[in-house]
Number of protein chains: 2
Amino acid sequence: MGLRERKKEKTRLAILDAALDLFLEQGYDSTTVEQIAGSVDISPRTFFRYFTSKDAVAFWFHEHGEEIMLEVLRSRPAGESPFVSMTHALRAVLRDLQDSTPEDAQRFLKLRRLLDDHPHLVGLSVARGAETERHLATEIAARRGADVTTDRVSHLVVAIAMSSLRVGFECPPGRRPELSQVVQQMEETLELVESMMRPGWDTGEPVPPADRPGSGAA
Amino acid sequence: MGLRERKKEKTRLAILDAALDLFLEQGYDSTTVEQIAGSVDISPRTFFRYFTSKDAVAFWFHEHGEEIMLEVLRSRPAGESPFVSMTHALRAVLRDLQDSTPEDAQRFLKLRRLLDDHPHLVGLSVARGAETERHLATEIAARRGADVTTDRVSHLVVAIAMSSLRVGFECPPGRRPELSQVVQQMEETLELVESMMRPGWDTGEPVPPADRPGSGAA
DNA sequence: GCGACTTATGTCACAATGTGACACGAAGAT
DNA sequence: ATCTTCGTGTCACATTGTGACATAAGTCGC
């Protein structure tokens with residue numbers, strides 16, 4: 001890897017760290033791009049060359065996770081049921097998280113605290129997740145041999161899987177958990193979701209009708 | 001209702017309609033607040049007094065739906081299982097949609113097309129939905145007699161219910177469905193989700209462990 | 001090492017979103 | 001009729017985000 005790319009990566013991380021610290025110190029809204037840029041001695045214009053927006057700082061983890069999940073998804077055996085494939089993808093993200101360097105772990109925890117303090121950002125992260133969900137759904141639909149534009153099961157598989165990750169990510173306000181605790185909580189939530197689903201729910205096999213409330217007897 | 005409030009409501013709807021039409025005509029990004037304001041003869045400043053942001057135009061439906069759902073949720077009998085309560089809340093939104101005036105129906109369909117054409121807005125809607133999900137989860141947790149900050153089942157109940165609504169909302173690109181078709185599709189998706197869940201999954205009863213893939217045999 | 005190229009950065013200019021402050025005029029109350 | 005309330009317009013302003021261009025640093029072939 002050349003000097004250029006190393007420098008770029010260094011700058012990127014410097015911006016990321018500076019931004020996270022400033023956000024946590026003085027709040028997200030009160031922190032301007034100018035401040036962030038100033039604290040790493042770059043021009044505001046350059047900030048936007050590294051992050052497409054101020055919000056994008058909070059997406060960094062999502063984008064990384066999406067790459068991993070898509071990669072894992074494509075590597076799973078063809079016959080595997082979609083949700084099982086998704087759980088493997090999710091657990092790959094969790095493993096990557098656990099194996100990350102102490103620096104990255106710190107960044108992750110800072111990001112978690114930031115999202116804790118600023119629900120608005122959770123929303124934006126989720127919004128970013130919607131994009132991710134479409135990519136994943138496309139992949140899943142392909143595996144199911146279905147058309148992603150019409151096959152609702154594919155979308156639901158992804159939506160439910162991502163929900164478990166998102167719910168597991170949250171913590172009681174004020175908590176400052178260790179990385180391993182967060183990972184464990186995400187793992188537990190995933191297991192909880194797995195146990196909630198009816199066997200074979202994601203394979204498109206006909207399932208016995210459940211007793212539904214408002215549907216017929218309104 | 002006084003003249004003032006009637007005027008206000010009229011202005012609000014005028015802005016909404018003008019914004020939706022402009023967005024659909026020339027794209028969301030290419031449409032400025034100045035244009036919207038101009039086309040209903042108000043100052044841009046006044047636009048922001050009716051809608052907190054340009055994005056907020058796309059949230060109008062979400063906010064309406066959230067009110068309905070919270071209201072229904074609070075009116076459900078105490079013993080009812082959380083997810084069943086949520087399905088009633090969701091179906092109340094669907095009923096309200098079907099019973100809406102032709103004008104509101106048009107607005108809804110325009111909004112749907114807008115979200116179809118601009119995935120970015122779907123994201124923002126979902127972001128707004130994250131806010132909604134927290135409110136609903138609080139209500140659900142109260143019904144379960146659980147602490148919303150720790151009870152993951154509450155969050156999952158809401159997340160899964162909202163997922164079904166969101167997935168049912170989507171259409172193949174380019175489709176221009178009737179209102180009733182969209183509603184029917186949402187209803188079908190909800191039924192699909194109901195059939196996917198293991199009976200009693202939302203009541204916190206211990207469930208038999210399912211055969212999970214990566215958990216023990218990694 | 002030298003020259004030609006690629007590319008990251010800074011500067012400048014600018015559009016657009018969003019907000020606070022203040023003044024004016026119409027709606028509403030007594 | 002008068003006083004109060006409140007919606008609106010105007011002005012000023014901060015902030016985010018982008019395009020264009022110049023410059024300097026990194027990269028590659030010789």
Side-chain angles (χ1 to χ4, degrees), chain A residues 1-20 22-23 25-60 63 114 118-121 123-125 127-128 131, chain B residues 1-20 22-23 25-60 63 114 118-121 123-125 127-128 131:
Chain A
M1 190 159 64
L3 172 57
R4 263 221 184 103
E5 297 184 51
R6 265 179 291 143
K7 222 175 186 175
K8 248 175 95 170
E9 193 55 24
K10 226 178 87 185
T11 306
R12 183 180 183 78
L13 289 177
I15 297 175
L16 183 58
D17 287 331
L20 285 176
L22 284 171
F23 289 160
E25 272 173 41
Q26 36 176 319
Y28 180 80
D29 291 325
S30 325
T31 304
T32 68
V33 172
E34 206 176 351
Q35 280 183 306
I36 301 170
S39 87
V40 283
D41 264 308
I42 57 169
S43 76
R45 186 67 184 87
T46 297
F47 172 93
F48 287 108
R49 289 199 175 98
Y50 280 89
F51 294 90
T52 52
S53 70
K54 185 178 155 186
D55 302 330
V57 173
F59 300 157
W60 139 79
E63 318 208 342
L114 181 64
H118 300 271
H120 161 251
L121 285 178
L124 291 182
S125 269
R128 173 70 206 183
E131 194 81 11
Chain B
M1 188 159 61
L3 172 57
R4 267 220 183 105
E5 297 183 50
R6 265 179 291 142
K7 224 176 186 173
K8 248 174 94 170
E9 192 57 22
K10 226 178 86 185
T11 306
R12 184 180 182 77
L13 289 178
I15 297 176
L16 184 57
D17 287 331
L20 285 175
L22 284 171
F23 290 161
E25 271 173 43
Q26 35 175 322
Y28 180 79
D29 292 324
S30 324
T31 305
T32 68
V33 172
E34 207 176 354
Q35 281 183 305
I36 301 171
S39 87
V40 281
D41 265 307
I42 57 169
S43 76
R45 186 69 183 87
T46 297
F47 173 91
F48 287 108
R49 288 199 177 96
Y50 280 89
F51 294 90
T52 51
S53 70
K54 185 177 153 186
D55 302 330
V57 173
F59 300 157
W60 138 80
E63 317 207 342
L114 181 64
H118 301 271
H120 161 252
L121 285 178
L124 291 182
S125 269
R128 174 71 203 182
E131 194 80 12

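The chains referred to below are lettered A, B, ... by the order of the sequence lines, with proteins before strands, and numbering in each begins at 1.
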Between [X] (side chain only) and [Y] (backbone N and O only), is there a donor and an acceptor less than 3.5 Å apart?
X	Y	answer
A:Glu5	A:Gly2	no
B:Gln35	B:Thr32	yes
B:Tyr28	B:Asp55	yes

(message) Counting C-beta onward and ignoring hydrogens, is there a side-chain heavy-atom pair between A:Lys10 and A:Lys7 closer than 4.5 Å?
(response)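 Answer no - side chains too far apart.
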What is the minimum heavy-atom distance between [X] and [Y], and which atoms define it?
X	Y	result
A:Val57	A:Ala19	CG1-CB, 4.0 Å
B:Leu124	A:Ala127	N-CB, 4.1 Å
B:Ala14	B:Val40	O-CG1, 3.5 Å

(message) Considering every strand and a 4.0 Å limit on heavy-atom distances, what is the contact class for A:Thr31: base, sugar-phosphate, or nothing?
(response)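 Contact class for A:Thr31: sugar-phosphate only.
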Distance from [X] atom [atom1] to [Y] atom [atom2], nearest 0.5 Å?
X	Y	atom1	atom2	value
A:Phe51	A:Ile36	CZ	CD1	9.0 Å
B:Phe23	B:Ser30	CZ	OG	10.5 Å
B:Ile42	B:Ile15	CD1	CD1	3.5 Å
B:Leu121	B:Leu114	CG	CG	5.0 Å

Output one line per pair: protein atom, nucleotide atom from nucleotides 3-6 of chain C, and distance, for all N/O pairs under 3.5 Å.
from: C:dT6; atom 1: O2; to: A:Arg4; atom 2: NH2; distance (Å): 2.8

(message) Using five base pairs at each end to define the local axes, how bent is the helix from C:dG1-D:dC30 to C:dA27-D:dT4, to the nearest 10°?
(response)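 Inter-axis angle at the ends, rounded: 30°.
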(message) Expressed as a whole number of angstroms, how long is the span from A:Phe51:CZ to C:dT9:C1'?
(response)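 Spelled out: CZ on A:Phe51 to C1' on C:dT9 is 16 Å.
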(message) A:Glu9 vs A:Arg12, test: side-chain contact (heavy atoms from CB on, under 4.5 Å). Steps then yes/no.
(response) CA-CA 5 Å; A:Glu9 193 55 24; A:Arg12 183 180 183 78; 4.2 Å; yes
(message) Short of 4.0 Å, heavy atom to strand atom, which residues of residues 35-50 of chain A count as contacting DNA chain C?
(response)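 Heavy-atom cutoff 4.0 Å gives A:Asp41, A:Ile42, A:Ser43, A:Arg45, A:Thr46, A:Arg49, A:Tyr50.
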(request) Provide the start and end nucleotides, 5' to 3', of the part of DNA chain D that has atoms under 4.0 Å from heavy atoms of chain B. (result)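 So the outermost contacting nucleotides come out as D:dT5 to D:dT10.
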(message) Return whichever of B:Gly2 or B:Asp55 has its heavy-atom-nearest nucleotide of DNA chain C closer to the 5' end.
(response)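 First, find each residue's nearest nucleotide; the 5'-ward one identifies B:Asp55.
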(message) For B:Gln26, is the CD atom crowded, meaning more than 12 foreign heavy atoms sit under 6.0 Å from it?
(response)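 Check passes, neighbour count above 12.
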(message) Could you check whether atom CD of B:Glu34 has more than 12 heavy atoms from other residues, nucleotides or ligands sitting under 6.0 Å from it?
(response)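 No.
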(request) Within residues 5-18 of chain A, find the residues that approach DNA chain D with a heavy atom at under 4.0 Å, and present them sorted by residue number. (result)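 Per residue number, the list reads A:Lys7.
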(request) Could I get the full list of ring pair (Phe, Tyr, Trp, His ring centres under 6.0 Å) partners for A:Phe48, not counting sequence neighbours? (result)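 Here no residue qualifies.
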